[in-house]
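Read through the structure below, which is laid out as C-alpha cells, and then see the notes.
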4 protein chains.
Amino acid sequence: MGITERKKRDFEHREQVILGASLNLFDCDEWLSVTVDQIADAAEIGKGTIYKHFSSKEEIYAKLTLDFYYGLLEQLERIDQNRSSISILGDIFKVALHYHLSQPEFRRVTQYCKRIDFKKNHSEEICNAFEKLDSRFRNLVGDILSTGMEKNEIPRTNVRQLYYCMKTCFDGSVDTVWTGYSGLEKVDIDEYIKIITQFMVAGVLGLGDLENNQIAKVYLN
Amino acid sequence: MGITERKKRDFEHREQVILGASLNLFDCDEWLSVTVDQIADAAEIGKGTIYKHFSSKEEIYAKLTLDFYYGLLEQLERIDQNRSSISILGDIFKVALHYHLSQPEFRRVTQYCKRIDFKKNHSEEICNAFEKLDSRFRNLVGDILSTGMEKNEIPRTNVRQLYYCMKTCFDGSVDTVWTGYSGLEKVDIDEYIKIITQFMVAGVLGLGDLENNQIAKVYLN
Amino acid sequence: MGITERKKRDFEHREQVILGASLNLFDCDEWLSVTVDQIADAAEIGKGTIYKHFSSKEEIYAKLTLDFYYGLLEQLERIDQNRSSISILGDIFKVALHYHLSQPEFRRVTQYCKRIDFKKNHSEEICNAFEKLDSRFRNLVGDILSTGMEKNEIPRTNVRQLYYCMKTCFDGSVDTVWTGYSGLEKVDIDEYIKIITQFMVAGVLGLGDLENNQIAKVYLN
Amino acid sequence: MGITERKKRDFEHREQVILGASLNLFDCDEWLSVTVDQIADAAEIGKGTIYKHFSSKEEIYAKLTLDFYYGLLEQLERIDQNRSSISILGDIFKVALHYHLSQPEFRRVTQYCKRIDFKKNHSEEICNAFEKLDSRFRNLVGDILSTGMEKNEIPRTNVRQLYYCMKTCFDGSVDTVWTGYSGLEKVDIDEYIKIITQFMVAGVLGLGDLENNQIAKVYLN
DNA sequence: GATGAATGAGCGTTCATTCAT
DNA sequence: CATGAATGAACGCTCATTCAT
C-alpha cells in the first residue's frame, strides 16, 4: 500500500471518527449545545479538519442520520424474501423497530433531522441523499406488496396507497418506541412491537377487503 | 367594565397578539432564526413585554404547540358520539388530519416541539400541560374503544394496546400530511386521508381477529 | 392628628420600610443583582412608589450608607468627654468598630459606596451629605485632639495631620473587621480592636515625640 | 524563532494589550459602563479574542488588580534590607504609597476589586492568586518585624498583631491617597505620606511600650 | 492536508425607569 | 398619591466558520 493510498484511507477513516465522537456527545438532552470544539476534542483532531469533511455542523447531523438509515436499509435488505409477503412485511417491522431500539443514541439527532425545515435548508447533495433513501424504502416495500398481490397473499389494491399506509404506521411506531424509550420497561416495548406489527398486518389484509366487513361497511357509506 | 378589568383584558389579549405575530413569522423554513426583536416588532409591543407573558423564546414555541392541540381536542370532543364506534374513530382521524392540514403554519413549530429533548428542557408547568394533553387524548379514544367493545362493534382486545396502535397510526399520518403538504396536490392528500383512515379501521377491526385470518395465521405462528 | 398629617407620617415611614427591606435583601454576596422589583415586593409597596422616595436605585445605596454613618456619629457624640483625650480617642475607636461589627448587613453596600467613582456620580444633595458627614467626623475628632494638646495630654503637632493619621487608621481597621468578619472568630476581632486602638494611641502619643526616640531618629535622618 | 514560537509570543503579548486598553478606558468615573466591545475596539482585536484570554469581563478587573499588586510586591522586595528595621518599614510605606500615586489609573478598578462580594464571585484560580498575594505581603513584613525584634530595634510583642496594625494603617493610607488624589495638591500628599509613615513608626515603636507611657497608662487601666 | 487562533455578527434576556390610570 | 404594565436600550457572551501558517 503506497503512502498516498494510506493517506486516503486515513482521511476516510477520520470521517467515521468524527461521526462517532459526535454521536457520543449527542447522547444527552443538551446535545444541541454540543460545540464543534467539543467534537474536535473528542475526535482528537483539529477543529479545522472537521470542515474538510463536513461543510457545516448541521451536515454532521444529516450524515449521522443518513448513516443510521443506511444501516437500517442494509438490515432490511438482508431479510429472507422466500416466505409469504405478510411474513416478510411483519419481519420488516420487527427488524426495523429493534434496529431503532438497539441504537437509542441516534434518537435525538434523527428526530431533529426529520423536521421539514431541516431538510429544506441543506445542500442538494444531502437533499438528494434523503430522497434516494426514501425511494429505496419505497421500492423495497413496494416490491413486496406487488409480489404479495400477485400471489394473492394480499388483497389487491393501490400499491402506492398501501405503501403510504405502512410508512405512516412505521413512522408512528418509531416515534412511539423512541419517545417512550426511557419511560417504558423493555417488556412493554417488545409487546408493543408485536402488537403494532399485527395491527399493520391487519391493516394491510383488511384495507382491500373493507367493503366485505359488516361493521366497516356502515362507516364507509 | 372598570379600569382594572379592562387592563386585565388588554393584558390577556396581548398574549394572543404575541402568539399570532410569532406564528406568522414562523411560517417559513428559516423560522428558527426569527428573533425576539422581530416578534416584538410584529406584535407592535416592546421586547420586554414579551417576557411578561413568556419566560423564554422556547416557551412561545411550547405555548403555540399547546394551543394548537387544545384546538384539536376541542374539535374532537365536539364529534357526535351517537354512532357506531368505528364511525366515530374514522371521523376522529378525518377531523384531526383536516385540522392539521387547515393550519399548516403550525407545521414547523409543532414538529420542533415534539422532540424528546425539547420537552425535557421545560418548566414543570409546560411539562404538565403536555402530559395532561396526552392523557385527554388517551381518555377520549380509550372511552370510544371500550364502548365499541362492549357493543361488539370492535373485537375485544386490550384497550391500551389498541390505543397505542391508533396513536401510532395517527402520529405517522400527521407526519405524512404535513411533510408532504408542500409537495403533494390537494387531491392526493384528501385521498390519503381517506385511505389511512380505512387502514386504521381495518387494523382496529382486524387486530382482535387476526387468528381467524388464514393468511395472517401463517405469520403469527 | 389630622388626616393630612397622618398621610405625611405614613409617607415618611415608608422611606424607612424601603430602606429596611433593601438592607435585608442586600445581606448576601449577590446583593448587587437585587432588583427594584424585589425591593418593592419585600417592602410590600408598588415599584413606582419607590421612585417617590428615591430618585434612583443607587440613591438607595447612598441613603443606606448615610443612615449607617448618621447612626455612628450619634453614638460617637454620646461618648463621655470628661476624661483624658487619649481615653476619649480610644473609646471612639472601640465604639466605632463595635458599631460596624454589630451591623454586618451594611458591609457590602457601605463598602460599595466608598468608591471614588460612586461618590462622583451622584446628585449634589447626596454629595453634600457625604461631605457634611466627613466634616462632622473631622470636627468631632479635631476638637478632641486640640483639647488634648491644650491640656498637654497629646504632644503638640499639626492637628489636621494628626486627624488624617487617625482617620487612616480608622478606615483601615473598618476594612479589616468587616472583610475578616466571616473568617475570624469573635475573640480574634475583639482582640484586634483592642490592639489597633492601642496602636493608634501609640501613634498619636508618639508622632509628636518621634525626634526624641533613639531608634526613630536614625530613620528620620 | 520558529513560527509556532512566534504565535505563542503574539498570543501572550495580546493579553497585555487587552489589559492596557482596558486600563486606559477604566480611567474615568464612568469606567463601570465601559463595554467589552469598547475594550475590543481599543485593543484592536475581535471581541471573541478577549474571551480566549479572560473568562469574563470581571476577570479583566481581577487580572488588572493582581498585576498592579505584583508590581508593588516587586518594588517592595527590591528595598535594601541592610538597615534598621524601622528604616525598612518606613521605606516600605513610602515606596508603596508612591507606587499607588504614580498609577492613579488603577484607582477605580483596584478599589472595586477589594470589595468582599467581588472576591467571592470568582474562579478558584483568581481567589488563590489573591490569597497568595496576601500571604506574600504578610511574609515580607512579618520577617522584617521578627528580625527587628531580635535586634531589639522594635519592642517585642506579638508579630501577627503588629502586622495587622501595619496592614490596617497601610490600607487606610492607600484609601486616603487615592481618594484624595484628585482634590489635593501634590505637596499635601507628599507631606501626608511623610506623616502617616511617622505615625506608623510611632505606633510600631509605641505599641510594645505603651505601659511605660504615663498618659497611655491611664487609658489602659 | 491539518491546525486552532481570531473573528464578530447575532441573540436572548434583564431591569431601572416612566407614566397613564 | 400609588401603582405596575410597558418599555427598549444595553450588554455580556457564544460559537460556527475562516484562513494564514
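Since the structure is predicted, the reported quantities are computational estimates derived from the model, not experimental observations. Proteins come first, then strands; the chains are lettered A, B, ... in the order of their sequence lines, and each starts at number 1.
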Query - Listed once per pair and sorted, the ring pair (Phe, Tyr, Trp, His ring centres under 6.0 Å) pairs that draw on residues 32-61 of chain D, sequence neighbours left out - result: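 Output for this query lists D/Phe11-D/His53, D/Phe26-D/Tyr61, D/Trp31-D/Tyr61, D/Tyr61-D/Tyr112.
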In this structure, how many angstroms lie between the [atom2] atom of [N] and the [atom1] atom of [X], rounded?
X       : N      : atom1 : atom2 : result
D/Tyr51 : F/dA16 : OH    : P     : 17 Å
D/Leu32 : F/dA10 : CG    : C1'   : 15 Å
A/Asp41 : F/dA16 : CG    : P     : 13 Å
C/Ile39 : F/dG4  : CD1   : P     : 16 Å
D/Glu58 : F/dC11 : CD    : C1'   : 13 Å
D/Ile60 : F/dG12 : CD1   : C1'   : 11 Å
B/Tyr61 : E/dC11 : OH    : P     : 11 Å
A/Ile18 : E/dG1  : CD1   : P     : 13 Å

Requested in this report: Report the residues that fulfil ring pair (Phe, Tyr, Trp, His ring centres under 6.0 Å) with A/Phe130, sequence neighbours left out, ordered by chain and then residue number.
Outcome: none
Report task. List for me each residue that meets ring pair (Phe, Tyr, Trp, His ring centres under 6.0 Å) alongside A/Tyr69, sequence neighbours excluded, and say none if there are none. Result ->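 Result, ring pair (Phe, Tyr, Trp, His ring centres under 6.0 Å) vs A/Tyr69: none returned.
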Query raised in the report: From D/Ser56 OG over to D/Ile126 CD1, what is the distance, rounded to the nearest 0.5 angstrom?
Result: 8.0 Å
Query raised in the report: Taking side chain as C-beta onward, heavy atoms only, is A/Lys114 less than 4.5 Å from B/Gln111?
Result: no
Query raised in the report: Are C/Thr65 and C/Phe106 close enough that some pair of their side-chain heavy atoms sits under 4.5 Å apart?
Result: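 Counting from C-beta outward, C/Thr65 and C/Phe106 never come under 4.5 Å.
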Report task. Identify, with sequence neighbours excluded, every residue that meets side-chain contact (heavy atoms from CB on, under 4.5 Å) alongside C/Gln16. Result ->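 Only C/Leu19, C/Asp67 meet the side-chain contact (heavy atoms from CB on, under 4.5 Å) criterion with C/Gln16.
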Report task. Give, ordered by number, those residues of residues 21-29 of chain C having at least one heavy-atom distance below 4.0 Å to an atom of DNA chain E; if nothing qualifies, reply none. Result -> none
Query - B/Val34 vs C/Val34, nearer the 5' end of DNA chain E by closest nucleotide - result: B/Val34
Result block: side-chain N/O donor-acceptor pairs under 3.5 angstrom for residues 32-45 of chain C, not counting sequence neighbours:
residue : atom : partner : partner atom : Å
C/Ser33 : OG   : C/Glu30 : O            : 2.9
C/Thr35 : OG1  : C/Asp37 : N            : 3.4
C/Thr35 : OG1  : C/Gln38 : N            : 3.1
C/Thr35 : OG1  : C/Gln38 : OE1          : 3.4
C/Asp37 : OD1  : C/Lys47 : NZ           : 3.1
C/Asp37 : OD2  : C/Lys47 : NZ           : 3.4
C/Gln38 : OE1  : C/Thr35 : N            : 2.8

Query raised in the report: Under the side chain to side chain contact (heavy atoms under 4.5 Å, CB included) criterion, do D/Phe68 and D/Leu64 qualify, and how do the steps go?
Result: CA-CA 6 Å; D/Phe68 176 78; D/Leu64 274 174; over 6 Å; no
Report summary line: residues 49-63 of chain A vs salt bridge (charged side-chain N to carboxylate O under 4.0 Å, His left out), sequence neighbours excluded, gives A/Glu59-A/Lys63
Requested in this report: Can you tell me which residue pairs pass the salt bridge (charged side-chain N to carboxylate O under 4.0 Å, His left out) test with a partner in residues 14-29 of chain A, sequence neighbours excluded?
Outcome: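 Counting only pairs at least two positions apart or across chains, the salt bridge (charged side-chain N to carboxylate O under 4.0 Å, His left out) contacts touching residues 14-29 of chain A are A/Asp27-A/Arg108, A/Asp29-A/Arg108, A/Asp29-B/Lys120.
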Report summary line: Heavy-atom contacts, protein to nucleotides 4-10 of chain E, under 4.0 Å, summarised as B (base), S (sugar-phosphate only) or - (none) per nt, yield BBBBBBB
Query - Duplex segments of DNA chain E, taken as runs of at least three Watson-Crick or G-U pairs that stay under 3.5 Å - result: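 DNA chain E forms these stems: E:2-21 with F:2-21.
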